Amino acid sequence: HPLLPLYVTGSDSGVVTLWQYARPKSLGDFAGPSNSSSLTSIQFNSYGDKLGTCDAQGNFFLYKFDLQPTSFQPQLTMMSSVGSKASAFSFLNLGSVIATTGNKPRGFLSIYDTLLPPNKSLLHTDSIGGNIIHYVSRYQQVILGHKKGKLTRYDLRMMKVADTIDSRHENILDLVSDSTETTLVSAGSDGFVRIWDARNLTLREGIEVVPKKTRNRTVTKREFLDNALFCSTSDGFVKLLRTTTN
């Protein structure tokens, strides 16, 4: 959570659980469908009053997180049975506008205003898919990561693709920007972390995190803290990398 000493975890059965640091027992589980599958994306908005999740079936759930009993019930549900299956999502403002992306039944990027009635909430859709999405508010763009290593920069002012490049990753598994949103970091299944200019996706640096001799070279997550870049790998290690973020 961006403001409180709380965090959430997701299980293979699709259950999202709320925890407090230094407490061994959970605070509660968020409600979802009984047949929900493993979660592919979980995040709070920047204020911490909204929580969104996507599962492997393509369902999206939005929760109003105000630590009331109703916090654990979905405020909005978009089931895959009504259309495209979302693989990832991103908040595009303080929490009411979201973007979802996926590749089933075909590639799509859809933008919704969750404050509008369900039949009017879809603001925009485009036939560009991805398995990872990251919002860069500084430049009003979203970055889409693809399983085959492509990165797409989508301009939200013009509502069109600005460009698509080859990231040199086998598969892109994670994207994050620093606090200034001038630097973007990608991680993938090839053992590398790559550092980009967030404005135009110019490559600044490639860092080999997992050596080639390692059987599983997946870099699973990364996080900025000041000028320090942390990353975790599929073999259970957390590593600290130093990088320039200006």
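The structure displayed is predicted, hence computed values, not measured ones.
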For the pair Asp174 (side chain) and Ala187 (backbone), establish whether a donor and an acceptor sit closer than 3.5 Å, ignoring hydrogens and angles. no

Sort out for me which residue in Arg194, His169, Arg168, His134 forms a side chain to side chain donor-acceptor pair (under 3.5 Å) with Ser186. His169

Strictly distance-based, threshold 3.5 Å: is any side-chain N or O of Asp55 a donor or acceptor partner for the main-chain N or O of Asn59? yes

Nearest 0.5 Å, what's the NE2-OG distance between His146 and Ser167? 9.5 Å

Considering only heavy atoms from C-beta outward, does the side chain of Lys150 approach that of Ile165 to under 4.5 Å? no

Heavy-atom nearest pair, Asp166 first then Trp196, reads O-CH2, 4.3 Å

Out of curiosity, Met159 CE to Gln140 CD, how far, rounded to the nearest 0.5 Å? 9.0 Å

Under the salt bridge (charged side-chain N to carboxylate O under 4.0 Å, His left out) test, which residues partner Asp29, sequence neighbours left out? none

Near-ring test Tyr21/Tyr7, centroid separation under 6.0 angstrom: yes

Under 3.5 Å side-chain donor-acceptor pair for Asp126 and Tyr154: yes

Using modelled atom types only, decide if a donor and an acceptor are shared between the side chain of Ser87 and the backbone of Gly130 within a distance under 3.5 Å. yes

Within the distance-only criterion (no hydrogens, no angle test), does the side chain of Asp155 pair as donor or acceptor with the backbone N or O of Gln141 below 3.5 angstrom? no

Contacts of His1 that satisfy side-chain hydrogen bond (donor to acceptor under 3.5 Å, both in side chains) - sequence neighbours left out: none

Value for CG (Leu51) from CZ (Phe91), rounded to nearest 0.5 Å, stands at 7.0 Å

Is any side-chain heavy atom of Val142 closer than 4.5 Å to one of Leu109? yes

What I want to check is whether the side chains of Trp19 and Thr9 have a donor and an acceptor closer together than 3.5 Å. yes

Considering the options Tyr135, Phe61, Phe60, which one meets the ring-ring contact (aromatic ring centres under 6.0 Å, His included) requirement together with Phe89? Phe60

Using side chain to side chain contact (heavy atoms under 4.5 Å, CB included), reason through Phe30 and Val8 one step at a time and then give a plain yes or no. CA-CA 10 Å; Phe30 292 88; Val8 292; 4.1 Å; yes

Under the 3.5 angstrom rule, does the side chain of Glu170 hit a backbone N or O of Gly149 as a donor-acceptor pair? no

Out of curiosity, does Val16 fall in the hydrophobic cluster containing Leu4 (side-chain heavy atoms, cut-off under 4.5 Å, transitive links)? yes

Got Tyr112 and Thr100 here, is their nearest side-chain heavy-atom distance under 4.5 Å? yes

Could you grab the distance from atom SG of Cys54 to atom CG of Leu39, nearest 0.5 Å is fine? 9.0 Å

Hey, is the main chain of Ile143 close enough, under 3.5 Å, to the side chain of Thr152 for a donor-acceptor pair? no

If you take all heavy atoms of Thr125 and Ser110, which pair is closest and at what distance? OG1-OG, 3.0 Å

Which heavy atom of Leu203 sits nearest to which heavy atom of Ile195, and what is that distance? CD1-O, 3.5 Å

Any ion pair linking Arg153 and Asp163 (charged N to carboxylate O, less than 4.0 Å)? yes

Between Ser127 and Phe108 (side chain of the first, backbone of the second, donor and acceptor by atom type, cut-off under 3.5 Å), is there such a pair? no

Evaluate the side-chain proximity of Val193 to Val185: yes if any heavy-atom separation is below 4.5 Å, no if none is. yes

Considering only heavy atoms from C-beta outward, does the side chain of Ile132 approach that of Leu144 to under 4.5 Å? no

Do side-chain atoms of Asp178 reach the backbone of Glu181 as a donor and acceptor pair under 3.5 angstrom? yes

Tell me the closest heavy-atom pair linking Ala88 and Ser41, and the distance in Å. CA-CB, 4.2 Å

How long is the straight-line distance from CG of Leu92 back to CG of Leu156, given to the nearest 0.5 Å? 6.0 Å

Output yes when a side-chain donor or acceptor of Arg138 lies under 3.5 Å from a complementary backbone atom of Arg199, and no otherwise. no

For the ring pair Tyr63 and Phe72, is the centre-to-centre distance below 6.0 Å? no

Ignoring hydrogens, what is the shortest heavy-atom contact between Ser71 and Asp66? Give both atom names and the distance. OG-OD1, 2.6 Å

Would you confirm whether Asn131, through its side chain, and Ile172, through its main-chain N or O, come within 3.5 Å as a donor-acceptor pair? yes

Heavy-atom side-chain proximity of Leu27 to Leu6 below 4.5 angstrom: yes

For the student: nearest non-hydrogen atoms of Thr101 and Gly129, plus distance: OG1-C, 3.6 Å

What's the separation between atom OG in Ser121 and atom CD1 in Ile111, rounded to the nearest 0.5 Å? 12.0 Å

Those residues that, when tested against Gln73, pass side-chain hydrogen bond (donor to acceptor under 3.5 Å, both in side chains) (two or more places apart): none

